[in-house]
Asker: 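Provided herewith is a single structure, encoded as structure tokens, for subsequent inquiry.
Here is the naming used below: chain letters follow the sequence lines, and residue numbers restart at 1 for every chain. All values reported here derive from a predicted model rather than from experimental measurement.
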There are 2 protein chains.
Amino acid sequence: MNHNRFLEYIKPYISLTSEEEKFLMTKVVVRNYLKNQYIVQQGDVCKSANFIISGCTKTFYIDLEGNEHVVMFSVEDWWASDLGSFITQAPADFNVQCLENTQLIQFSYENLEELYVQIPKLERLFRKIIERAFVASQKRIIRNFSLDAKERYLIFKNTYPKIDKRVPQYLIASYLGITKEFFSKIKSQLVQKE
Amino acid sequence: MNHNRFLEYIKPYISLTSEEEKFLMTKVVVRNYLKNQYIVQQGDVCKSANFIISGCTKTFYIDLEGNEHVVMFSVEDWWASDLGSFITQAPADFNVQCLENTQLIQFSYENLEELYVQIPKLERLFRKIIERAFVASQKRIIRNFSLDAKERYLIFKNTYPKIDKRVPQYLIASYLGITKEFFSKIKSQLVQKE
DNA sequence: AAATTATGTTAATCTAGTTTAACTTTTATT
DNA sequence: AATAAAAGTTAAACTAGATTAACATAATTT
């Protein structure tokens, strides 16, 4: 029944027969992680594509100075993997860590390759998912260049109101590319205006 | 013969029979643009996926203050489209303009959909291409947050030495997210160190 | 309930990068 | 060849955001 969430998720993209759905289910693993556990560690190979059934993760990078930079947050119906590491099976640049207890559906690299062969429609599914992710990523680059931190925060808050309330504020600051101190300043300015 | 460049390009990803190659060729158009011409205009729908045979383009965004922000450069063997507009067939956020006379292979939206049906391997091809593009885009976001402008420029110069020499410097500044004046300062600092 | 530890705020000082403006060099156009 | 337009440089004044540091308020752990 935990698979259902994934099967619902893919319906707007492709339709599978019930046999295909059953076969797919035999090729995935449902796994539970506790808050603060790592799903992927920088330097290790990301062995599975992870779909979130419940919970919340941060994907982040520790730079050479030891500073943490949040690349993305993932919640229900989204993915939490180091895709670069997964597709090349090379060491990960990013960490993925649980911000809450999190339940995942995991596609191992080998099983997903097999699924692509057995159910070619899945190529289409993942093509479409990644197309959208790429477009969002490009737009974020542009926003980072053309908007100041306050504007970026307002867009974030509007786009992901649940995440804004759900994760520690210093991680949102990191996602926005600013320090927690400056983020604090921005928020107090926004409160005063109301 | 202009198709050959594309057929070579896809070989690392998928292998097509010669019938498939021929069919594919009937579904694309080769088109020539002059320097400064627009392939895609912000506000219009991006009607085709464009593969560059020769030439060079910039993909850019004009913000509300009228400032230009370069999202990417594209040269031979790369793509020059507003993918977000193409996949949704909604108005483009970005412009794509030729920096040189440019020859393209164009896949119209309808023809590409048909190609996906007739040659399902193409789903795999485009999945893999976009996976890589997404990974590169994520890494760029992180670099923009964790490195200063000088470091970003050195990485750009190393990664795309040809582009560095091929396009106007003020566009590279825009791609790096800095002003042309500050870019000029950085470069003179780098020259002095040698 | 006390004590840690994690998270959040405020304010002073500092800096990477912007803005403005004047100037130089290169490239296109007549 | 002359002129205009586009691209690139330099320098002074300025600002968004970083840094440092001290403090405040949750949230956990003992």
Asker: To the nearest Å, give me how far apart OH (Tyr170(B)) and C1' (dG8(D)) are.
Answerer: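 The distance from OH of Tyr170(B) to C1' of dG8(D) comes to 11 Å, rounded to the nearest Å.
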Asker: dT9(D) P sits how many Å from Ile172(B) CD1, rounded?
Answerer: 11 Å
Asker: Leu147(A): which residues meet the side-chain contact (heavy atoms from CB on, under 4.5 Å) condition with it, sequence neighbours left out?
Answerer: Arg143(A), Glu151(A), Arg152(A), Ile155(A)
Asker: Which pairs pass salt bridge (charged side-chain N to carboxylate O under 4.0 Å, His left out) with one or both residues in residues 70-93 of chain B, sequence neighbours excluded?
Answerer: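 Residue pairs with at least one partner in residues 70-93 of chain B: Lys139(A)-Asp93(B), Arg5(B)-Asp77(B), Glu76(B)-Arg166(B).
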Asker: Give me the distances for all protein-to-nucleotides 12-20 of chain C N/O pairs that come in under 3.5 Å?
Answerer:
residue: dG17(C); atom: OP1; partner: Ala149(B); partner atom: N; Å: 3.2
residue: dT18(C); atom: OP2; partner: Thr179(B); partner atom: N; Å: 3.1
residue: dT18(C); atom: OP2; partner: Thr179(B); partner atom: OG1; Å: 3.2

Asker: Mind grabbing the angle between the end helix axes of the helix from dA1(C)-dT30(D) to dT30(C)-dA1(D)? Five pairs an end, 10° rounding.
Answerer: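 One end axis against the other gives 50°.
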Asker: Any chance you could pull the hydrophobic cluster mates of Leu104(B), using side-chain heavy atoms under 4.5 angstrom and chaining through other members?
Answerer: Tyr33(B), Ile39(B), Val40(B), Ile52(B), Val96(B)
Asker: According to ring pair (Phe, Tyr, Trp, His ring centres under 6.0 Å), who are the partners of Tyr160(A), at least two apart in sequence or on a separate chain?
Answerer: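 Tyr160(A) satisfies ring pair (Phe, Tyr, Trp, His ring centres under 6.0 Å) with Phe156(A) once adjacent residues are dropped.
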Asker: Using the side chain to side chain donor-acceptor pair (under 3.5 Å) criterion, which residues pair with Tyr170(A)? Sequence neighbours excluded.
Answerer: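 If we apply the side chain to side chain donor-acceptor pair (under 3.5 Å) test to Tyr170(A), skipping adjacent residues, there are no hits.
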Asker: Would you mind reporting whether Asn67(B) and Ser146(A) have side-chain heavy atoms less than 4.5 Å apart?
Answerer: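 Heavy-atom side-chain distance check fails, nothing below 4.5 Å.
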Asker: Separation of Leu176(A) atom CG from dA16(D) atom P, in whole Å?
Answerer: 17 Å
Asker: Taking the side chain of Ser188(B) as its heavy atoms from C-beta onward, which of dT10(D), dT7(C), dT9(D) lies nearest to it?
Answerer: dT10(D)
Asker: What nitrogen or oxygen pairs link the protein and nucleotides 24-30 of chain D at under 3.5 Å?
Answerer:
none

Asker: Within the 4.5 Å heavy-atom criterion, are Asp164(B) and Gln169(B) side-chain neighbours or not?
Answerer: yes
Asker: Starting from P on dA6(D), measure out to CD on Gln97(B) and report it in whole angstrom.
Answerer: 12 Å
Asker: Counting only pairs under 3.5 Å, give me each side-chain donor-acceptor contact of residues 172-183 of chain A, with atom names and distances, residues two or more places apart or in other chains.
Answerer:
residue: Ser174(A); atom: OG; partner: Glu68(A); partner atom: O; Å: 3.4
residue: Ser174(A); atom: OG; partner: Val70(A); partner atom: N; Å: 2.8
residue: Thr179(A); atom: OG1; partner: Phe182(A); partner atom: N; Å: 3.2

Asker: For residues 112-121 of chain A, which side-chain donor-acceptor pairs fall under 3.5 Å, sequence neighbours excluded?
Answerer:
residue: Glu114(A); atom: OE1; partner: Lys27(A); partner atom: NZ; Å: 3.2
residue: Lys121(A); atom: NZ; partner: Ser15(A); partner atom: O; Å: 3.0
residue: Lys121(A); atom: NZ; partner: Glu20(A); partner atom: OE1; Å: 2.8
residue: Lys121(A); atom: NZ; partner: Glu20(A); partner atom: OE2; Å: 3.4

Asker: Rounded to whole Å, how long is the line connecting atom CD of Gln189(A) with atom C1' of dG17(D)?
Answerer: 11 Å
Asker: Roughly, in whole Å, what's the span from CZ in Phe145(B) to C1' in dA16(D)?
Answerer: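 It works out to 15 Å between those atoms.
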Asker: Who passes side-chain contact (heavy atoms from CB on, under 4.5 Å) against Ala49(B), sequence neighbours left out?
Answerer: Trp79(B), Ser81(B), Phe86(B), Phe107(B)
Asker: Whole angstrom is fine here: how far is it from CG in Leu171(B) over to P in dT27(C)?
Answerer: 15 Å
Asker: Partners of Val71(A) by side-chain contact (heavy atoms from CB on, under 4.5 Å), sequence neighbours excluded?
Answerer: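 Scan of Val71(A) (side-chain contact (heavy atoms from CB on, under 4.5 Å), adjacent residues dropped) gives Thr59(A), Phe94(A), Gln138(B), Ile142(B).
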Asker: NE2 of His69(A) versus C1' of dA18(D): gap in Å, rounded?
Answerer: 13 Å
